[in-house]
**Student:** 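Below is the structure I would like to discuss, written out as structure tokens.
Given the structure is predicted, the values throughout are model-derived calculations rather than measurements.
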Amino acid sequence: MKPNRLFVQLFFLLLLPLTFSITLDDLLNSYDFSFNAPQVNVSDIKVFGNDSDNDGTLDQLIINISTEVEGGNYSFTGDLYRQGRWITTITEFEKLLAGANTVLLTYHPTLLQNGTYNLTLTMQESFLTLFKKDNIFSFEYDNALFEKPAIEINISGFSLVSNDSDQEAEFLTINATLNVTAPGDYRLTALIKDNASSLSDEENKTLQTGITNVTFSFSANDLQRLRIENPTLYGMIAQNGFQYFFDFNVSIPLDLDDLDATTNHFGDTFKDGLVGPQGGNESEFLEINFSVDIEDAGDYIISLELADTFGTFVTIEKQSFNIPGGIQPIQYRINGTAIYLSGINGPYLIHQLTLMKGNTTEDSFTDIHTTAPYNFADFAKPSLPDLLISGTANNESAVQITVKNNGSAAALPFTITALDSNFSQISQGIADFLGPSETKDISLAVNFSNHSKVFLALDLDNSVEESSETNNIRLLGLTDGKITFSITLPAGWNLLSFPLDGDNKSISNLLSQSNSSIALSFNSTSDDWLFFRNETSNTFASLGFPQGFWVKPKSPITISFTGINHTYPIMFPLLKGWNLISYPSLQEINASRAIAEVNDSITMLFSYQNSSWLTYNTLRDPSLNTLTSLTPGLGYWLFAKNDVNFTFDGVFR
């Protein structure tokens with residue numbers, strides 16, 4: 001197999017509940033995941049319709065894809081977008097022969113409206129994405145030729161509605177006319193927005209065939225709370241098993257003063273800054289300054305939820321204020337340590353700001369202010385322990401380990417584990433308490449006659465949060481200064497690297513061990529794939545720093561690398577875009593700490609293990625990352641926003 005475009009599949013990461021006004025298409029287009037190589041090819045794409053029931057209208061929209069691949073089982077996924085918005089997806093699974101093939105993607109035309117559609121095409125083989133191209137093909141769709149949707153929607157008007165004696169309105173209503181050809185239960189949604197906020201109203205209706213009038217209502221309180229003025233009705237959605245999306249661009253003149261709603265208490269001007277260097281340049285607080293307009297003096301609670309600009313939660317605080325009447329300045333300080341522990345970089349968004357008196361909500365803002373682009377490392381670290389192995393002594397049956405806490409806080413119960421060369425547990429002990437600057441000796445039973453090397457790991461289950469997670473492992477059992485590192489590979493593609501300065505770096509040696517017929521790597525400088533089939537058919541012949549590489553064993557197998565530790569420090573010259581790198585160390589380390597020094601430049605890490613992708617993305621909640629640590633013997637895709645030198649000195653700082 002010769003991949004020609006490798007796209008690291010993030011679609012499943014992005015289909016998370018989103019609480020921000022950015023479309024999925026915007027998010028996908030903000031990244032460049034593509035890699036170039038000459039072998040997999042899409043030569044032609046055509047579109048046509050098919051009238052399978054001979055009723056005079058086309059009931060299938062078919063996209064014909066001509067492609068040239070190696071033989072195998074493939075999946076083809078075609079995502080259709082209109083006006084930058086995802087509309088529908090079709091995936092076809094095909095067993096293809098080597099050479100030219102034709103694949104048909106068949107769409108239900110009743111889901112489509114008039115307009116220009118863009119096709120994003122993804123081709124996969126055995127979990128590995130070989131080809132992905134956004135907007136690879138565009139076509140005009142005329143629904144006069146095709147079967148009509150089961151429902152059509154037109155806007156018949158809008159109005160402000162007052163249900164009491166004053167002149168101010170309690171509701172904004174939008175009236176729609178529905179033409180239904182397939183009766184049933186529908187969920188109907190109207191979507192409005194202004195430049196900063198959006199709002200929706202949902203109605204569940206049982207619809208009969210023919211014309212039906214439906215009214216959508218938006219409360220004055222919601223419009224006032226979100227400060228939606230002069231909104232645009234930009235879309236409606238009808239769902240009955242299928243989802244039909246209807247584009248609109250209807251401007252609605254609306255003055256918030258015409259609404260009967262809660263009085264605004266928050267001002268419109270916000271400023272932010274860092275407060276209080278606490279040893280070095282770390283700040284104790286993120287300070288937000290704004291004003292409130294209070295009618296009744298008294299005790300109030302202001303709640304502030306902080307997120308990043310992608311909607312990922314950072315922290316939430318509730319603070320009490322005694323506020324006199326009138327317009328008053330508020331100095332709101334957010335705990336900097338909470339921001340540091342989130343591991344999320346700014347700029348930060350005030351996602352929710354709420355003013356309460358007792359149990360009554362007086363005013364609430366959503367997505368009201370975006371801060372300067374702070375880094376989480378700008379804020380004060382908490383007091384944390386730092387465990388390390390300061391010494392060892394061993395005989396044939398046991399090892400004595402001296403553990404020290406170099407941190408500024410006590411470490412509560414943690415484990416000390418002995419592992420064999422396959423990282424299987426040999427022995428384990430527990431330390432119940434270790435204060436700052438304290439040391440403790442722990443003995444583990446280890447039969448060294450059965451093991452050529454032994455790894456000692458502190459806090460293997462990562463139950464203790466430490467200021468440094470990079471110094472918790474030590475290797476014992478060196479022979480003549482040489483280390484043999486072994487790794488067991490499953491059948492199929494594996495992404496690897498040499499953790500050692502190896503004795504034999506030839507690819508032919510690697511392939512002979514791995515029962516594989518090909519090795520692949522990637523040159524970021526030339527943006528090209530490198531391959532090795534044999535001594536006369538290859539574009540690279542040896543491996544080493546800083547290369548990661550792909551091999552594909554035909555069956556599960558264990559391979560070994562022999563050599564010595566690398567000489568540190570090592571410099572990774574990363575280029576803007578994707579880099580396929582090695583991990584030149586025998587120490588497994590935390591992924592977030594690994595890239596902390598260049599966190600402004602590196603946004604994503606990917607590893608391919610056991611036929612699935614593990615991912616780390618700095619732009620989302622850390623709990624959602626499946627790649628938590630860098631592991632000896634594995635290779636990594638790394639995405640850099642700009643050219644940057646990445647210094648490695650045996651552990652990442």
Side-chain angles (χ1 to χ4, degrees), residues 7 10-11 14-15 18 20-31 33 42 45-50 57-65 76-92 103-122 132-155 174 176-182 186-195 198-200 202 216 231-251:
F7 172 77
L10 285 187
F11 210 88
L14 303 175
L15 291 178
L18 303 180
F20 43 85
S21 56
I22 181 172
T23 68
L24 177 61
D25 195 51
D26 292 335
L27 199 56
L28 283 171
N29 288 338
S30 67
Y31 299 103
F33 300 115
V42 174
I45 299 179
K46 297 178 181 178
V47 63
F48 56 89
N50 181 41
T57 59
L58 302 174
D59 47 33
Q60 291 178 322
L61 173 73
I62 301 173
I63 297 180
N64 182 308
I65 300 167
F76 291 75
T77 299
D79 298 291
L80 290 186
Y81 292 82
R82 184 182 72 247
Q83 297 183 7
R85 184 181 292 111
W86 174 82
I87 301 300
T88 187
T89 294
I90 288 293
T91 297
E92 295 288 346
V103 176
L104 303 180
L105 300 180
T106 303
Y107 296 85
H108 203 297
T110 61
L111 298 177
L112 309 178
Q113 297 184 59
N114 279 338
T116 302
Y117 285 81
N118 293 316
L119 170 70
T120 289
L121 179 63
T122 304
K132 185 180 192 308
K133 188 169 183 180
D134 297 329
N135 302 327
I136 189 174
F137 178 70
S138 296
F139 63 94
E140 293 293 329
Y141 178 80
D142 183 358
N143 65 4
L145 305 175
F146 290 85
E147 289 191 357
K148 299 297 185 292
I151 183 171
E152 294 182 339
I153 300 178
N154 292 293
I155 306 303
I174 297 176
T177 301
L178 282 57
N179 188 1
V180 178
T181 58
Y186 285 79
R187 185 165 73 246
L188 307 168
T189 307
L191 306 166
I192 65 173
K193 66 178 180 179
D194 63 4
N195 291 332
S198 62
L199 193 61
S200 64
E202 185 176 289
F216 298 91
T232 298
L233 172 67
Y234 69 93
M236 285 195 177
I237 300 172
Q239 291 177 281
N240 69 335
F242 292 107
Q243 176 171 295
Y244 307 91
F245 193 102
F246 297 88
D247 295 310
F248 292 98
N249 186 22
V250 179
S251 296

**Student:** Check step by step if side-chain contact (heavy atoms from CB on, under 4.5 Å) holds for Tyr81 and Trp86.
**Tutor:** CA-CA 4 Å; Tyr81 292 82; Trp86 174 82; 3.6 Å; yes
**Student:** Which word best sums up how the rings of Phe139 and Tyr117 line up, parallel for under 30°, tilted for 30 to 60°, or perpendicular for over 60°?
**Tutor:** parallel
**Student:** Roughly how far apart are Asp79 CG and Leu105 CG, rounded to 0.5 Å?
**Tutor:**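 Rounded to the nearest 0.5 Å, the CG-CG separation comes to 10.0 Å.
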**Student:** If every non-hydrogen atom of Leu112 is compared with every non-hydrogen atom of Ile87, which pair is closest and at what distance?
**Tutor:**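 Between these two residues, the closest heavy atoms are CD2-CG2, 4.1 Å.
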**Student:** I need the full list of side chain to side chain donor-acceptor pair (under 3.5 Å) pairs touching residues 236-245, with sequence neighbours left out, sorted by first then second residue.
**Tutor:**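 Every side chain to side chain donor-acceptor pair (under 3.5 Å) pair that includes a residue of residues 236-245, provided the two are not neighbours, is Tyr186-Asn240, Arg187-Gln239, Gln239-Gln243.
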**Student:** Not counting sequence neighbours, which residues clear side chain to side chain contact (heavy atoms under 4.5 Å, CB included) with Leu58? List them please.
**Tutor:** Asp51, Leu145, Phe146
**Student:** Using the test salt bridge (charged side-chain N to carboxylate O under 4.0 Å, His left out), find all partners of Asp247 that sit at least two apart in sequence or belong to another chain.
**Tutor:**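 Here the qualifying residues are Arg82, Arg85.
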**Student:** Can you tell me how far the CG atom of Leu61 sits from the NE2 atom of His108, to the nearest 0.5 Å?
**Tutor:** 11.5 Å
**Student:** Does any N or O in the side chain of Asp134 come within less than 3.5 Å of the main-chain N or O of Thr120, such that one atom is a donor and the other an acceptor?
**Tutor:** no
**Student:** Would you call Leu121 and Thr77 a side-chain contact if the rule is heavy atoms closer than 4.5 Å?
**Tutor:** no
**Student:** For the atom pair CG (Leu199) and CG (Asp194), what is the distance rounded to the nearest 0.5 Å?
**Tutor:**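 Going from the CG atom of Leu199 to the CG atom of Asp194 covers 10.0 Å.
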**Student:** Which distance, rounded to the nearest 0.5 Å, do you find between the CG of Leu104 and the CZ of Phe48?
**Tutor:**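 Result: 5.5 Å between the selected atoms.
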**Student:** Where is the tightest heavy-atom contact between Thr110 and Pro149, given as atom of each residue plus distance?
**Tutor:**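 So the two residues come closest at O-CB, 3.1 Å.
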**Student:** How close do Gly78 and Leu119 get, heavy atom to heavy atom, and via which atoms?
**Tutor:**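 Closest heavy-atom pair between Gly78 and Leu119: CA-CD1, 3.6 Å.
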**Student:** Taking atom NZ of Lys148 as the centre, report whether more than 12 heavy atoms of other residues, nucleotides or ligands fall under 6.0 Å from it.
**Tutor:**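 Yes, NZ of Lys148 has more than 12 neighbouring heavy atoms, counting only those of other groups under 6.0 Å.
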**Student:** Where do Tyr107 and Thr88 come nearest, in terms of heavy atoms and distance?
**Tutor:**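 That would be CD2-CG2, 3.9 Å.
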**Student:** Show the nearest heavy-atom pair for residues Phe246 and Ala238, with the distance to one decimal.
**Tutor:** CE1-CB, 4.5 Å
**Student:** Over all heavy atoms of both residues, which pair between Ile62 and Thr106 is shortest? Give the atoms and the distance, please.
**Tutor:**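 Looking at all heavy atoms of both residues, the shortest contact is CG1-OG1, 4.0 Å.
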**Student:** Any chance you could measure Leu233, atom CG, to Lys193, atom NZ, to the nearest 0.5 Å?
**Tutor:** 11.0 Å
**Student:** For the CG atom of Asn118 and the CD atom of Gln83, what is their distance to the nearest 0.5 Å?
**Tutor:**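 The distance works out to 10.5 Å.
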**Student:** Applying side-chain contact (heavy atoms from CB on, under 4.5 Å), run through Thr89 and Leu80 and close with a yes or a no.
**Tutor:** CA-CA 6 Å; Thr89 294; Leu80 290 186; over 6 Å; no
**Student:** Heavy-atom distance under 4.5 Å between the side chains of Leu188 and Leu178, does that happen here?
**Tutor:**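 The answer is yes; the side chains approach within 4.5 Å.
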**Student:** Run the side-chain contact (heavy atoms from CB on, under 4.5 Å) test on Met236 and Ile174 for me, step by step, so that the C-alpha distance in whole Å, both residues' side-chain angles and the decisive distance to 0.1 Å come before the verdict.
**Tutor:** CA-CA 11 Å; Met236 285 195 177; Ile174 297 176; 4.2 Å; yes
**Student:** Carefully, step by step, assess Phe137 and Val47 under the rule side-chain contact (heavy atoms from CB on, under 4.5 Å).
**Tutor:** CA-CA 10 Å; Phe137 178 70; Val47 63; 4.1 Å; yes
